[in-house]
Amino acid sequence: MEPNVVFEIARCQPRHLRRVLQIERASFPGEPYTRDIFRELWCECGEFFFVVKVRRRIAGYIATRLREGNAEVISIAVDPAYRGAGAGAAMLEHTLERLAAAGARSVELMVREDNEAAIRFYRRFGFRRIGRCAAYYGDGEAGVRMRRTLDGPPKR
Ligand SMILES: CC(C)(COP(=O)(O)OP(=O)(O)OC[C@H]1O[C@@H](n2cnc3c(N)ncnc32)[C@H](O)[C@@H]1OP(=O)(O)O)[C@@H](O)C(=O)NCCC(=O)NCCS
């Protein structure tokens, strides 16, 4: 993608879910979330389910749940054709700002232990490993639990 591309972040709408599902399938070919799961996430994540658009085309999504001050990033993915250009960072930054404004104190997530790119990505945003869950994923891969606090404005 060309440099200085503009990312537009918007609330995910039901009409976006078809494209979200496409990105999901391209990003997690092993165990993609289903359409039903996304419908549930749309209800559960509410104002913290965002899509990122590049020239009006949806390039990625992030779904985060907030419960009693503790948030969990349930899923984030960027279309492979749009990766490495800042779309993921733009979505995560936006989410952290909104969570902080809503009074969230911490954000957690689970990531495959072999997903080094994603672990690096989260570390840059201040997420630190707090645990490991053996054979968490269907193919036997371990899950790494990561967490960061949200005191004050989100730092990258
Ligand atoms: C993790 C993910 C959401 C990051 O989205 P992204 O838009 O590629 O992220 P960004 O471009 O903001 O940042 C990625 C970093 O990797 C670098 N990068 C370079 N080429 C890249 C590429 N082809 N793919 C991914 N990252 C790349 C970027 O330069 C950037 O580093 P920087 O912040 O130091 O500049 C995306 O890689 C993805 O969808 N992965 C598959 C799904 C996944 O693993 N989700 C997380 C599951 S927990």
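Numbers for residues simply follow the sequence, beginning at 1. For ligands, and for the atoms within them, numbers begin at 1 and follow the listed sequence.
Here's the thing with A89: one of its N/O atoms is less than 3.5 angstrom from an N/O atom of ligand 1. Residue G86 has at least one nitrogen or oxygen atom sitting less than 3.5 Å from a nitrogen or oxygen atom of ligand 1, judged on distance alone. Considering backbone and side-chain atoms together, V78 places an N or O closer than 3.5 Å to an N or O of ligand 1. By the 3.5 Å distance cut-off applied to N or O atoms, S27 is not counted among the residues near ligand 1. Checked against a 3.5 angstrom limit, the closest N/O atoms of R124 and ligand 1 fall inside it. The shortest N/O to N/O separation between A77 and ligand 1 does not fall below 3.5 Å.
The atoms of ligand 1 that sit less than 4.0 Å from any heavy atom of F28 are 42 (C), 43 (C), 45 (N), 47 (C). Of all the atoms in ligand 1, the ones that sit under 4.0 Å from a non-hydrogen atom of V111 are 48 (S). Of all atoms in ligand 1, listed by their number and element, those nearer than 4.0 Å to a heavy atom of M110 are 48 (S).
Ring orientation note: the planes of F38 and Y61 are nearly perpendicular, at an angle over 60° on the 30°/60° scale.
Heavy atoms of F125 found under 4.0 angstrom from ligand 1: none, in either backbone or side chain. Looking at N115 against ligand 1, only its side chain comes within 4.0 Å, counting heavy atoms.
Annotation: ring pair (Phe, Tyr, Trp, His ring centres under 6.0 Å) contacts of H94 (sequence neighbours excluded): F50.
Taking 4.0 Å as the cut-off between side-chain N and carboxylate O, R98 and E93 do not count as a salt-bridged pair. In this structure, R123 does not pair ionically with E116, as no charged nitrogen and carboxylate oxygen lie closer than 4.0 Å. By the 4.0 Å N-to-carboxylate-O rule, E108 lies close enough to R145 to be salt-bridged with it.
V52 and I74 end up in different hydrophobic clusters when Ile, Leu, Val, Met, Phe, Trp and Tyr side chains are linked at under 4.5 Å.
Across G84, A87, G88, P80, heavy-atom proximity to atom 8 (O) of ligand 1 is greatest for G84.
Under 3.5 Å, the side chains of R83 and S27 contain a donor-acceptor pair of N or O atoms.
A heavy-atom separation below 4.0 Å is found between A85 and ligand 1. Within the 4.0 Å heavy-atom cutoff, R112 does not count among the residues contacting ligand 1.
Of the residues I58, I62, L17, the one that meets the side chain to side chain contact (heavy atoms under 4.5 Å, CB included) test with V51 is I58.
Pairs engaging residues 14-31 under the salt bridge (charged side-chain N to carboxylate O under 4.0 Å, His left out) rule: R19-D79 [sequence neighbours left out].
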